[in-house]
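Following: one structure in structure tokens, then a few remarks.
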Amino acid sequence: MLCRDLLPMIALPSAADLLDWYDRHARDLPWRIAPDDRRAGIVPDPYHVWLSEIMLQQTTVAAVRDYYRAFLARWPNVEALAAADLDDVLRAWAGLGYYSRARNLKACAEMVARDHGGRFPDSEDALRALPGIGAYTAAAIAAIAFDARAAVVDGNVERVMARLFRIETPLPDAKPEIRAAMDRLTPADRPGDFAQAVMDLGATLCTPRRPACALCPWSQACAGRHAGVAETLPLKAPKKAKPTRRGAAFVARRSADGAILLRKRPAKGLLGGMAEVPGTPWSETFDPSSAAGLAPFPAGWRVQPAPVRHIFTHFHLELSVLVADLAEPLPLPDAHWWSAPGELAGEALPTVMRKVVAAGTG
DNA sequence: AATCCGTGGCG
DNA sequence: TCGCCAAGGAT
């Protein structure tokens with residue numbers, strides 16, 4: 001038995017083992033049909049699956065829950081969302097991040113309503129053609145909502161597959177190999193539950209650090225665990241350092257009622273379509289001592305002692321915050337508006353701008 | 001192919 | 001404090 005001498009015997013991973021675990025341990029999520037109900041024939045609403053999958057892109061379950069419920073309550077079906085005002089959608093999305101998702105969400109709803117009779121297409125290819133739906137989301141919707149045998153690969157699946165099959169090629173080069181592994185494992189029966197099972201496994205047991213291998217239904221089949229390298233996988237290409245950009249933000253407060261002057265950002269790009277206070281561009285060469293001279297209009301601008309710091313995906317931001325109280329009514333600049341204290345919470349303000357307003361009014 | 005796009009929680 | 005990373009997509 002040459003093989004036995006060279007390698008420990010490793011059981012083959014089976015979809016059945018994982019589905020058995022999922023039947024007992026599936027998390028209760030607002031958008032999920034419980035495994036018992038799913039096997040009893042209850043099918044999820046594709047609109048629910050789609051909405052949750054868009055929100056879950058690069059976003060944790062904890063962050064999504066309340067937004068998901070709020071969206072579903074306000075726009076209960078794709079037709080309602082298609083008819084919604086984009087600014088209302090952006091306001092409802094504020095704080096969740098990656099705002100192009102909200103713009104694509106609206107565009108996708110319109111396309112489904114207009115071109116598909118209000119029903120989501122059931123094939124990966126047709127789903128993939130819709131705005132905001134890429135390879136992962138198309139496969140997830142096809143598998144979960146339409147019972148298609150699609151290989152669903154997200155960050156969790158990459159980690160689980162890399163460990164299970166001891167794939168030591170660094171990401172992203174390992175992606176084709178990982179996809180092939182997931183495709184081979186995905187069963188024709190219950191492909192949606194299987195995909196959710198692998199993702200649950202990655203979220204709860206096969207975690208990035210300190211995986212709970214003792215509790216894992218695939219531990220006997222895991223080549224990474226047998227080799228003692230599970231926790232080190234998947235390998236990843238080194239990341240680039242984030243530069244620091246600086247700028248100034250101007251909180252103009254109307255003395256009469258404390259309203260704050262806001263304006264709308266350009267429709268695309270960073271924080272596209274969202275609201276902000278007036279400010280300078282953000283650059284790596286910005287000189288904070290020049291901030292007062294860059295104010296949008298003359299006023300008694302006071303520099304706040306501490307800048308607002310915020311981390312974006314690819315740069316750090318340091319914003320000098322300047323505040324002025326305006327007794328006289330200002331000729332309102334184009335595309336600007338006053339937002340009273342009671343209205344501020346409902347504005348499409350991204351988190352960084354909520355920090356700025358807090359720094360300028362606290 | 002590499003870069004751009006948010007935010008919050010975790011150790 | 002800091003790096004990591006989460007049910008990625010568009011260009």
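To find a chain, count down the sequence lines: A is the first, B the second, and so on, and within it residues start at 1.
At a threshold of 4.0 Å, the pair Asp287(A)-Arg246(A) does not count as salt-bridged, since none of the basic side-chain nitrogens sits closer than that to a carboxylate oxygen.
No hydrogens or angles were tested; on distance alone, a donor-acceptor pair under 3.5 Å links the side chain of Thr313(A) to the base of dG6(B). One N or O donor and one acceptor, one from the side chain of Thr59(A) and one from the base of dG6(B), sit under 3.5 Å apart. Between the base of dA7(C) and the side chain of Arg65(A) there is no donor-acceptor pair shorter than 3.5 Å.
The nucleotide whose nearest atom lies closest to any side-chain atom of Leu271(A) is, among dG6(B), dC5(C), dA7(C), dG6(B). Picking from dC5(B), dA7(C), dT7(B) the nucleotide with the shortest atom distance to the side chain of Leu270(A) gives dC5(B). Comparing dA7(C), dG6(B), dG8(B) against the side chain of Asp154(A) picks out dA7(C) as the nearest. Nearest nucleotide to the Pro350(A) side chain, out of dT7(B), dA6(C), dC5(B): dT7(B). When the nucleotides dG11(B), dG8(B), dC5(B) are ranked by their closest atom to the side chain of Thr351(A), dG8(B) comes out on top. Closest to the side chain of Pro208(A), from the set dA10(C), dC5(C), dG8(C), is dC5(C). Which of dG9(C), dT7(B), dA7(C) sits closest to the side chain of His310(A) comes down to dT7(B). Side-chain atoms of Arg32(A) lie closest to dA7(C) of the nucleotides dA7(C), dC5(C), dG8(C). The Gln57(A) side chain lies nearest to dG8(C) when the options are dG8(C), dA6(C), dG6(B).
The side chain of Lys242(A) contributes no N or O atom lying less than 4.0 Å from OP1 or OP2 of dC2(C). Remark: His314(A) is in phosphate contact with dC5(B), judged by side-chain N or O atoms under 4.0 Å from OP1 or OP2. Between dA10(C) and Tyr98(A), no contact under 4.0 Å exists linking OP1 or OP2 to a side-chain N or O. One finds a side-chain N or O of Arg159(A) lying less than 4.0 angstrom from the OP1 or OP2 phosphate oxygen of dA6(C). For dA6(C), the OP1/OP2 oxygens have no side-chain nitrogen or oxygen of Gln58(A) closer than 4.0 Å.
Side chain to side chain, His314(A) and Lys242(A) fail the donor-acceptor criterion of an N or O pair below 3.5 Å. A donor atom on one side chain and an acceptor atom on the other are not found under 3.5 Å apart for Ser320(A) and Gln304(A). Donor-acceptor pairing under 3.5 Å is recorded for the side chains of Asn156(A) and Arg159(A). Between Gln196(A) and Arg32(A), the side chains place a donor N or O and an acceptor N or O closer than 3.5 Å (distance only, hydrogens not considered).
Checking Lys240(A) against Arg210(A), the closest nucleotide of DNA chain B that is more toward the 5' end is the one next to Lys240(A). In terms of position on DNA chain C, the residue among Thr137(A) and Thr60(A) whose nearest nucleotide sits closer to the 5' end is Thr60(A). Between Arg209(A) and Arg128(A), it is Arg209(A) whose nearest contact on DNA chain C lies nearer the 5' terminus.
Across all strands, Arg309(A) comes closer than 4.0 Å to no nucleic acid atom at all (heavy-atom distances). Counting non-hydrogen atoms under 4.0 angstrom, Ala135(A) reaches the backbone sugars and phosphates but no base. Within 4.0 Å (heavy atoms only), Ala195(A) reaches no atom of the nucleic acid at all.
We find the CE-CZ distance between Met161(A) and Arg184(A) to be 10.0 Å, quoted to the nearest 0.5 Å.
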